[in-house]
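Some notes on the structure that comes next.
Proteins come first, then strands; the chains are lettered A, B, ... in the order of their sequence lines, and each starts at number 1. All values derive from a computational prediction rather than experimental measurement.
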Amino acid sequence: MPELPEVETIARGLAQRVTGDVIESVWLGSKPEPLKSPAAEIAQTLQGARITGVRRLGKHIVVDLEPQGNSLKIVPGKTSRAKSKSVLATKAQKSAPAPKAQWIVHLGMTGQLLVCRSDAELAKHTHAIAKLASGRELRFVDPRRFGRLAVVRTDAGFATPGIEPLEIGLDDFAKLFRGRKTPIKSALLNQKLLRGVGNIYADEALFRAGVRPRRRASSLTRAELARLYESVKQVLREAITAGGSSISDYVDSNGDPGEFQMQHRVYGREGEPCLTCRTRIKRVVIAGRSSHYCPKCQK
DNA sequence: AGGTTGACCTGGACGC
DNA sequence: TGCGTCCAGGTCAACC
């Protein structure tokens, strides 16, 4: 479910609500799929850490952490309570400022990262809970288990390929598609090129640009690339303003749905009239993904 | 090497 | 009501 605007909405909400809070303890479910880092490493990194910020990188949520006792010398007795003699404690002792850490969350198709009261009912498919010093909890819920949790503790921090679509310039944007035989729709979904665009916004951007999803990426004219460039940015910005698109289970960190699904012009509108020319919207499958377009408005 | 397909999961919608 | 089928916002590994 979550593409760039949804992840951005969630990250902004979390930043507002949990920045400065401290993770007191962590519970991780028994299902191993969601964990990309070893459970012990995740627990150890999060426990006692102060949240210094939350942001989005592509479709990832990055929770910036200041490990426990960062500026202090950590002695084994101090980290005591849990699992950890901890690699963390050892490292912190050596280098005066302990390395910053990050908690990386990818929501997959159905993941949710929610802030709630600790007495709130536990949703089915809750895979992780971070208890906060403020008395609230940060919960990761994901029925389909396509989501992923990881921690990163390198100086460089979390990195992912691809360019942010809201930051790229037109020339670099055009370069991404040069010589690519793949359909433009698939190229837009390729996270190694642009990071954050997903199925809904690819379809919506192509409609606004007047380009059919099956067109080979390399066949787009400069004018079409320029229109697509603007369309991608426009549709993402509008969707962020609307708080994202809620098709079935997307909610922000507060549990509230987005509004942008009301403004979809082609996605999910198969058989309905084009809002511009009344032609029926078509749905085709491209590289396994359903793709919606107006056969008249898009060339 | 670039491009395409299927697998990974669960649950909701729909047809019979 | 119940069962089967299809579909879903994302990403990989495995193929061609």
Side-chain angles (χ1 to χ4, degrees), chain A residues 1-11 29-36 56-61 104-113 123-127 140-150 158 160-162 165 175-207 213-219 232 235-236 238-240 242-252 256-271 282-292:
Chain A
M1 62 153 211
E3 305 182 31
L4 186 151
E6 291 76 33
V7 180
E8 179 71 28
T9 301
I10 292 164
S30 53
K31 298 268 172 53
E33 296 90 22
L35 307 185
K36 263 189 104 177
R56 176 194 63 76
L57 211 58
K59 293 175 191 169
H60 300 265
I61 296 168
I104 310 300
V105 181
H106 194 293
L107 300 170
M109 294 271 265
T110 54
Q112 302 177 345
L113 200 51
K124 199 176 169 186
H125 305 297
T126 299
H127 303 303
F140 175 67
V141 181
D142 182 18
R144 280 175 80 178
R145 284 184 278 150
F146 285 177
R148 295 291 179 259
L149 303 180
F158 177 67
T160 183
K175 263 185 218 159
L176 294 178
F177 307 112
R178 204 168 285 171
R180 291 195 181 266
K181 287 189 255 172
T182 195
I184 185 65
K185 167 71 182 282
S186 303
L188 286 172
L189 293 181
N190 184 344
Q191 301 297 297
K192 289 180 179 148
L193 302 179
L194 287 177
R195 58 186 189 217
V197 178
N199 208 33
I200 293 177
Y201 300 106
D203 279 5
E204 292 297 317
L206 285 167
F207 172 76
R214 249 201 252 278
R215 286 273 302 281
R216 286 182 179 224
S218 59
S219 78
V232 167
V235 77
L236 292 176
E238 288 178 19
I240 290 170
S245 301
S246 292
I247 301 299
S248 65
D249 42 19
Y250 161 71
V251 291
D252 65 17
D256 297 325
E259 302 283 346
F260 194 71
Q261 66 280 8
M262 307 303 296
Q263 296 174 54
H264 292 171
R265 299 183 193 171
V266 286
Y267 185 84
R269 297 192 64 243
E270 179 185 14
K282 282 189 80 168
R283 173 183 172 276
V284 295
V285 175
I286 300 171
R289 313 302 306 280
S290 75
S291 305
H292 313 71

- Paired with B:dA1: which nucleotide, if any, by Watson-Crick or G-U wobble criteria at under 3.5 Å for both distances? none

- Message: Need the pair for B:dC9. Rule: Watson-Crick or G-U wobble, both distances under 3.5 Å, any strand; none if unpaired.
- Response: none

- Listed nucleotide nearest any side-chain atom of A:His125, set B:dG3, B:dG11, C:dT11: B:dG11

For the pair made of [atom1] in [X] and [atom2] in [N], what is the distance, rounded to whole Å?
X	N	atom1	atom2	value
A:Leu193	C:dT11	CG	P	13 Å
A:Arg145	C:dG9	CZ	P	20 Å
A:Tyr250	B:dG12	OH	C1'	21 Å
A:Ile247	B:dA13	CD1	P	13 Å
A:His127	B:dT10	NE2	P	9 Å

When we call it a touch if two heavy atoms are under 4.0 Å apart, what does [X] touch: a base, just sugar-phosphate, or nothing?
X	answer
A:Tyr267	sugar-phosphate
A:Pro183	sugar-phosphate
A:Lys192	nothing
A:Arg283	sugar-phosphate

- Task: Measure from the ring centre of A:Phe146 to the centre of the six-membered ring in the base of C:dT11, then say whether that distance is under 5.5 Å and the planes meet at under 30°.
- Result: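 Ring-base stacking flag not set for A:Phe146 and C:dT11.
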
Would you please confirm or rule out a distance under 4.0 Å between OP1 or OP2 of [N] and any side-chain N or O of [X]?
X	N	value
A:Lys124	B:dG11	yes
A:Thr110	B:dT10	no
A:Arg289	C:dG9	yes
A:Arg214	B:dT4	no

- Query: Do A:His127 and A:Asp142 have side-chain atoms, one donor and one acceptor, less than 3.5 Å apart?
  - Reply: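 Not at all, the side chains of A:His127 and A:Asp142 share no donor-acceptor pair under 3.5 Å.
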
